[in-house]
Amino acid sequence: QVQLVESGGGLVQAGGSLRLSCAAFVGTIRTFAVGWFRQAPGKEREFVAGVSWSADTTSYADSVRGRFTIARDNAKNTVFLQMDGLKPEDTAVYSCARRSQRFAPVVSFKGDYDYWGQGTQVTVSS
């Protein structure tokens, strides 16, 4: 069993920044790629960013590349998402997820992730 807990969401003005954290309180993410996804009201859940288990590979959606940065600290069993230059269209519930296979690469397909956190709300006002 794996329990992922996100934190760091909130309300911010356009152009502002937030830093999200995803911590594994039960189980581990150390040898697994981790992805961040988001879901806005009435929309499908979409891939935002991902990081390989060793942090040597990162991947970003086109909509956030250059504004968001994903990183991890395996000693703390935690993955971070630094979000800068936030826009109102970034408003969504952000969730982290662990890839289903150990040492597998980062992918954007949500079906390849098995454990998910409950999510944290990010709201960007204009």
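Rounding to the nearest 0.5 Å gives a distance of 9.5 Å between CE of M83 and CZ of R67. For the atom pair OG of S52 and CZ of R72, the computed distance is 7.0 Å after rounding to the nearest 0.5 Å. In this structure, OG in S95 is found 4.5 Å from CZ in R45, a value given to the nearest 0.5 Å. Taken from CD in Q13 to OG in S125, the straight-line distance is 5.0 Å, to the nearest 0.5 Å. Atom-to-atom distance recorded for I29:CD1 and N74:CG is 7.0 Å, nearest 0.5 angstrom. Remark: E44 CD to K110 NZ distance equals 5.5 Å, nearest 0.5 Å.
Counted within 6.0 Å of CD on Q3, heavy atoms from surrounding residues, nucleotides or ligands total more than 12; the atom is thus considered enclosed. Applying the 6.0 Å contact sphere to CD of Q121 captures more than 12 heavy atoms from other residues, nucleotides or ligands.
Follow the hydrophobic side-chain contacts under 4.5 Å out from W53 and you never reach L4; the two are in separate clusters. By the criterion of side-chain heavy atoms lying less than 4.5 angstrom apart, applied directly or through intervening Ile, Leu, Val, Met, Phe, Trp or Tyr residues, V64 is grouped together with V12 in one hydrophobic cluster. Transitive grouping of hydrophobic side chains (ILVMFWY, heavy atoms separated by less than 4.5 Å) keeps V51 and V107 in distinct clusters.
In plain terms, the two heavy atoms of V106 and A33 that are nearest each other are CG2-CB, 4.0 Å. When every heavy atom of E6 is checked against every heavy atom of C96, the shortest pair comes out as OE2-N, 2.9 Å. Here the shortest heavy-atom pairing between A49 and Y60 reads CB-CD2, 3.6 Å. The two residues Y94 and V48 have their closest heavy-atom pair at CE2-CG2, 4.2 Å. For the pair V122 and G9, the tightest heavy-atom approach, listed with the atom from each and the gap, is CG2-CA, 4.2 Å. Between R98 and T28, the closest heavy-atom pair is NH1-O, 3.1 Å.
Ring centroids of F32 and Y115 are separated by 6.0 Å or more, keeping the two rings apart. The six-membered or imidazole ring of W36 lies away from that of F68, with a centre-to-centre distance of 6.0 Å or more.
Note: F37 and W116 have tilted aromatic rings, judged against thresholds of 30 and 60 degrees for the angle between ring planes.
Between the side chains of D84 and S17, a donor-acceptor pair is found at a separation under 3.5 Å.
Annotation: side chain of R38 is in contact with side chain of S63 (closest heavy-atom distance under 4.5 Å).
The existence of a salt bridge linking D62 and R65 is confirmed by a sub-4.0 Å separation between a basic side-chain nitrogen and an acidic carboxylate oxygen.
Counting only distance, with no hydrogens or angles, the side chain of N77 and the backbone of G27 share a donor-acceptor pair below 3.5 Å.
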Just do the side-chain contact (heavy atoms from CB on, under 4.5 Å) check on V5 and Q118 with the steps written out, would you? CA-CA 7 Å; V5 178; Q118 289 298 308; over 6 Å; no
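Between F80 and the options L20, I70, D73, a side-chain contact (heavy atoms from CB on, under 4.5 Å) holds for only D73.
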